[in-house]
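Note sheet for the following structure.
Residue numbering restarts at 1 for every chain, and letters A, B, ... go by the order of the sequence lines. Since we're looking at a predicted model, the values are computed, not measured.
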Amino acid sequence: MLRIFNTMTSAKEEFKPITPGKVGMYVCGVTVYDNCHIGHARANVAFDVVYRYLRHSGYDVTYVRNYTDIDDKIINRANRDGVEFNVISERYIKAFDEDMARLNLALPTHQPKATEYVDEIIALVARLIAAGAAYPADGDVYFSVEKYEEYLKLSKRNLEDMQAGARVDVDERKQHPMDFALWKGAKPGEPFWTSPWGNGRPGWHIECSAMSMKLLGETFDIHGGGKDLVFPHHENEIAQSEAASGKPFVHYWMHNGFVNINSEKMSKSLGNFFTIRDILDTYDSEVLRFFLLSAHYRSPIDFSDQNLSDAEAGLERIYSSLAAMDELLASAGTASNSADELVEKVESLHGRFCEAMDDDFNTALAIAHLFDLVRALNKAIAEKSASAELLGRLKAEIARLAEVLGVFNSVPAEFLARIKSRKSSELSISTDEIEALVEQRSAARKARDFKLSDAIRDQLLAKGIELLDTATGTEWKIK
RNA sequence: GGCGCUGUCGCCAAGUGGUAAGGCAAAGCUCUGCAAAAGCUUUAUUCAGCGGUUCAAAUCCGCUCAGCGCCUCCA
């Protein structure tokens, strides 16, 4: 039984879809005016796992993730660069798609763009005016927060307190200071669409209501996004959607925690952000994804070199074990019977994994179960007490988990080689030199000249190279 | 000022009433020419502090301390 933490009720609730077997899910994507940072990576990876796990659980999921491709920030950026706004939006949609592909995100069912839904947006605004929940004012159209009695039910505030803390000058065209724009009249030189209220463009918030209602219906199951979207974005979406339809908008609201830098929120406005592409210059994309899944999606996660390195070490441990298993299988060194402990771990893995994931997508716990299995596997390999049949099942079980988590999909030996080659580019010694020294040392060892062989080993260690003498020869890895 | 979140081993991190998962790091042992890797063992009588409820609390309640978030664009 899947339980989801619902922001609306501040509690974990049993998940019951509106239509048995089907799930409609909408996640706020990005406003495309710049490259994405790790915060975007976290949100998208988190909901990618939600999507994958729902499908794994047998649901037919319709997953919608939008691009907000018309907005003040896009216009500002276009003006700065002296290009049309759609040059900017298209450039960063492409960049977003590339980043998400590198992070192994499954493609959503639909990826609508705000500019493709302007007709629906205008219709929704007109519907709100007709319902008395919105009013035109001087080319703009505003939503009247006082007309929607449940306003702020998601963020659990009240209008009076909000105004007390207001830091924005009040626009005199608004009937209430908290009223927000559904439609913005175009200023000279700005991109526009024609509407009953004159030339203009959609306000922020309305596009998500229009697109989600069009693609998922007026009431759907899950709506997600970062914690910072609770207010005002999601609050306003609820107000617009429910004031128009008269129906509940969403059943389960999910919000992911922030990526922090030194315990502080990473954000554009603070200027303390790292882009996904910058990070992927230094770390493998699978390591970044594994790192993001090592904490629960609602907790804050601290981004640092140290933490990424720890994640890399952990992932290497898992892949090293899997690689050793592959070698064992290839060398036909398997036994006829398997150790009981390994049998038990293999058989219980999927159940324990699902139990963790059913508890509000607890990926950290799910991964811990995998480490449990790895320890039993290493032991069985060391003791040569694993049958080919069981190892085959183990591989299949890992593959099922990998399909949900989006990590562990690599061929183990290839992952390890990838990490090795990435690290070797930072070394002060070339691969050829290393290989030559390793050969010299092997010759010295064969001649039982351990003084020379140890000197070579120390020399390499000083450069960060560790040697592993195995039955089949000497291998090396980067520390 | 309003609303809300967090504080668990050196570091990361699960655990929301039944007596502290897992990873990294560290130490000892096995293996090894010696190492490394791997395995085994060890490392929180204790969960920011102080009170309270309970047969039983990291988990519930109250207060205090520390850190953070939203209230303005933001994943």
Side-chain angles (χ1 to χ4, degrees), chain A residues 7 10 12 27-31 33-34 36-47 71-73 76 152 155-158 160-169 178 204 224-233 235 255-260 263-270 273 290-291 294-296 298-302 304 306-318 320-321 324 352 356 359 362-372 374-375 377-383 445 448-451 453-454 457-458 461 465-470 474-477 479:
Chain A
T7 306
S10 305
K12 284 182 197 170
V27 171
C28 290
V30 284
T31 300
Y33 71 102
D34 204 349
C36 290
H37 56 64
I38 316 167
H40 298 109
R42 184 182 199 192
N44 284 286
V45 166
F47 289 106
D71 163 90
D72 290 357
K73 288 193 292 297
N76 290 342
L152 304 179
S155 56
K156 295 158 190 73
R157 306 156 194 243
N158 64 68
E160 291 69 37
D161 292 339
M162 296 290 290
Q163 287 170 70
R167 283 181 261 165
V168 187
D169 291 337
M178 295 300 293
W204 186 41
K227 267 190 162 67
D228 47 358
L229 295 183
V230 173
F231 182 89
H233 187 55
E235 204 70 77
H255 294 95
N256 65 275
F258 296 132
V259 175
N260 290 157
S263 303
E264 284 194 328
K265 177 186 176 182
M266 161 163 37
S267 75
K268 287 278 176 70
S269 38
L270 290 174
F273 64 93
F290 180 76
F291 165 70
S294 68
H296 185 90
R298 282 188 286 117
S299 306
I301 188 169
D302 224 65
S304 69
Q306 182 62 49
N307 291 348
L308 262 286
S309 296
D310 283 356
E312 185 171 79
L315 191 54
E316 262 192 281
R317 175 176 161 84
I318 292 171
S320 296
S321 180
R352 295 200 294 161
D359 186 12
N362 193 336
T363 52
L365 185 57
I367 288 170
H369 292 325
L370 192 57
F371 276 111
D372 261 357
V374 162
R375 188 151 23 83
L377 174 60
N378 281 334
K379 191 175 178 180
I381 291 171
E383 294 173 351
R445 287 184 74 215
R448 302 197 67 80
D449 182 352
F450 295 121
K451 205 169 173 182
S453 85
D454 288 354
R457 186 171 63 201
D458 291 346
L461 190 61
I465 308 298
E466 273 180 351
L467 298 185
L468 294 74
D469 293 330
T470 72
T474 299
E475 289 168 19
W476 58 275
K477 62 178 283 192
K479 215 175 169 180

Hey, does A/His296 reach any base, or is it just sugar-phosphate, or nothing, if we go heavy atoms under 4.0 Å?
sugar-phosphate

To the nearest Å, how far apart are A/Met178 CE and B/G2 C1'?
12 Å

Check every strand shown and say whether A/Gly39 touches a base, only sugar-phosphate, or nothing at a heavy-atom separation below 4.0 Å.
base

Any donor-acceptor pair under 3.5 Å joining the side chain of A/Asp454 to the base of B/G33?
yes

Kindly indicate whether the side chain of A/Arg298 and the base of B/C5 share any N or O donor-acceptor pair separated by less than 3.5 Å?
no

Kindly say if A/Lys265 contacts the phosphate of B/C70, meaning a side-chain N or O under 4.0 Å from OP1 or OP2.
yes

Give a yes/no answer on whether the side chain of A/Asn378 brings an N or O atom under 4.0 Å of OP1 or OP2 in B/G39.
yes

When you compare B/A58 with B/U16, how far apart are their C1' atoms, in angstrom units rounded to a whole number?
9 Å

Within this structure, what is the CG-to-P distance between A/Asn307 and B/G22, rounded to whole angstrom?
20 Å

Just call it for A/Ser155: base, sugar-phosphate, or nothing, with non-hydrogen atoms closer than 4.0 Å on any strand.
sugar-phosphate

Answer with base, sugar-phosphate or nothing: what part of the nucleic acid does A/Ser263 contact at a heavy-atom distance below 4.0 Å?
sugar-phosphate

C1'-based separation of B/G7 from B/A25 [nearest Å]:
22 Å

So what does A/Asp372 touch, heavy atoms closer than 4.0 Å: a base, only the sugar-phosphate, or nothing?
sugar-phosphate

Can you tell me how far C1' of B/G4 sits from NE2 of A/His255, to the nearest Å?
13 Å

Reckon A/Asn362 touches a base, only the sugar-phosphate, or nothing at all at heavy-atom distances under 4.0 Å?
sugar-phosphate

Is there a donor and acceptor pair closer than 3.5 Å between the side chain of A/Arg375 and the base of B/G39?
no

With a 3.5 Å limit on both atom pairs, tell me what B/C55 is paired to, counting Watson-Crick and G-U wobble, or say none.
B/G18

Would A/Phe371 pass as stacked on B/G22, i.e. its ring centre under 5.5 Å from the base's six-membered ring centre and planes under 30° apart?
no

In whole angstrom, give me the gap between the P atoms of B/U72 and B/G18.
41 Å

Between B/C31 and B/G39, how far is it from one C1' atom to the other, in whole Å?
9 Å

Between B/G4 (P) and A/Asn158 (CG): distance, integer Å
11 Å

What integer number of Å spans the C1' atoms of B/A13 and B/U6?
14 Å

Could you tell me how far apart A/Arg457 (CZ) and B/A37 (P) are, to the nearest whole angstrom?
11 Å

Measure from CG on A/Asp34 to P on B/A75 and round the result to the nearest Å.
11 Å

Span that lies between the C1' atom of B/C71 and that of B/C12, in whole angstrom
32 Å

Given the C1' atoms of B/U42 and B/C50, what is the spacing between them in whole Å?
34 Å

Under a 3.5 Å cut-off for both distances, is B/U6 Watson-Crick or wobble paired, and to whom?
B/A66

Taking for A/Lys477 and for A/Asp302 the nucleotide of RNA chain B with the nearest heavy atom, the one nearer the 5' end belongs to A/Asp302

Map A/Lys156 and A/Asp71 onto RNA chain B by nearest heavy atom, then report which one ends up closer to the 5' terminus.
A/Lys156

For a quick check of understanding: with a heavy-atom distance under 4.0 Å over all strands, which category does A/Val27 fall into, base, sugar-phosphate or nothing?
nothing

Over how many whole Å does the gap from A/Arg445 atom CZ to B/G33 atom P extend?
8 Å

In terms of the angle between their ring planes, are A/Phe273 and A/His37 parallel, tilted or perpendicular, with boundaries placed at 30° and 60°?
tilted

Checking all strands, does A/Gly224 fall into the base, sugar-phosphate, or nothing category for heavy-atom contacts under 4.0 angstrom?
nothing

Checking all strands, does A/Arg157 fall into the base, sugar-phosphate, or nothing category for heavy-atom contacts under 4.0 angstrom?
base

Quick one: which of B/A21, B/G33, B/A13 gets closest to the side chain of A/Arg448?
B/G33

By the 4.0 Å heavy-atom rule, please label A/Phe450 as base, sugar-phosphate, or nothing.
base

Contact class for A/Ser299 (heavy atom, under 4.0 Å): base, sugar-phosphate, or nothing?
sugar-phosphate

Interatomic distance where OH belongs to A/Tyr33 and P belongs to B/A75 [whole Å]:
7 Å

Between B/U54 and B/U19 - C1' atom distance, rounded Å
14 Å

Can a donor-acceptor pair be found, under 3.5 Å and without considering hydrogens, that links the side chain of A/Asn362 to the backbone of A/Leu365?
yes

Look at A/Lys73 together with A/Asp34 and state whether they make a salt bridge at an N to O cut-off of under 4.0 Å.
no

Looking at A/Glu235 and A/Leu152, would you say the former's side chain and the latter's main chain have a donor-acceptor pair under 3.5 Å?
yes

Touch check for A/Leu229, heavy atoms < 4.0 angstrom, all strands: base, sugar-phosphate only, or nothing?
sugar-phosphate

Ignoring backbone atoms, test whether A/Arg317 places a side-chain nitrogen or oxygen under 4.0 Å from the OP1 or OP2 oxygen of B/A37.
no

